[in-house]
Amino acid sequence: MDIKIVFQIAAVGILVAVLNQVLQRAGREEQAMMTSLAGLIVVLFWIIQYISELFTTVRTLFQL
Amino acid sequence: MDIFQASVVGASAAVLSLAIKKQAPEISLMIAIAAGTIIFIACAEPLFSVVSLMKSISGRLGGLADIAPVIKIIGIAAAAEFASQICADAGERAIAAKIEFLAKTLIIVASAPVLVNLLYLVTSLT
């Protein structure tokens, strides 16, 4: 069901948060920044599909 | 998807987004966007029946009640509302205001023919 995507994004978010902390403790701030950017891009790809599905639905529904 | 599933999706997304708001604020916003999109897609199916009902009613009334602009305006308002609420969530009130402003102008453009018909109707009465 669609709730899967919410939990997937939350999992990526938690992973990125933990990785950030670990990398910052290890003194590699720039890699921490890279991992959060990578996580953000992955989540963006998942969400874009849902948003495009939503907007095509609204377009066909309201004849826009 | 009935109302109970939608509320479960919304509530769990709110909790999860709050959980990682401090460490990864942008991904917490993504969770909010995902939940909003899912619930909005869920409300498309009942809206199909409402729109077809409105069409059948306007069809029976003949050309008098032209329902097409009304449906278009509702669509514009729905899409603009979705985007501007997300921008307001992210704290970008300026972008949200711009989206709202564009939606208003598009609605005025879409409702222009109806206004013209109304004016002709009124002037023809006198």
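Fair warning: this is a prediction, and the values are worked out from it, not measured in the lab. Letters go in sequence order (proteins before strands), and every chain restarts at 1. Computed from heavy atoms alone, side chains included, the values below leave out hydrogens, waters and symmetry copies.
Nearest heavy-atom pair across Met33(A) and Asn20(A) is N-OD1, 4.4 Å.
With a threshold of 4.5 angstrom between heavy atoms, Ile73(B) does not approach chain A through any atom at all. Only the side chain of Leu16(B) comes within contact range of chain A, judged by heavy atoms closer than 4.5 Å. Of the two parts of Ile20(B), only the side chain, counted from C-beta on, holds a non-hydrogen atom closer than 4.5 Å to a non-hydrogen atom of chain A. Both the backbone and the side chain of Leu40(A) come within contact range of chain B, judged by heavy atoms closer than 4.5 Å. Only the side chain of Gln21(A) comes within contact range of chain B, with heavy atoms under 4.5 Å apart. Using a 4.5 Å cut-off between heavy atoms, Ile38(B) contacts chain A through its side chain alone, with no backbone atom that close.
Between the side chain of Asn117(B) and the main chain of Tyr120(B), no donor-acceptor pair closer than 3.5 Å is present.
With chain A as the partner, the residue from Met30(B), Gln23(B), Glu26(B) showing the most heavy-atom pairs under 4.5 Å is Met30(B). Taking chain B as the reference chain and counting heavy-atom pairs below 4.5 Å, the highest number among Leu54(A), Val6(A), Ile9(A) is found for Leu54(A).
Atoms OG1 and CZ, from Thr60(A) and Phe55(A) in turn, are 12.5 Å apart once rounded to the nearest 0.5 Å. Leu37(A) contributes atom CG, which lies 11.0 Å from atom CG of Leu44(A) (distance to the nearest 0.5 angstrom). Expressed to the nearest 0.5 Å, how far NZ of Lys21(B) lies from CG of Leu29(B) amounts to 7.0 Å.
Using a 3.5 Å distance cut-off with no hydrogens or angles, the side chains of Glu81(B) and Gln85(B) do pair a donor with an acceptor.
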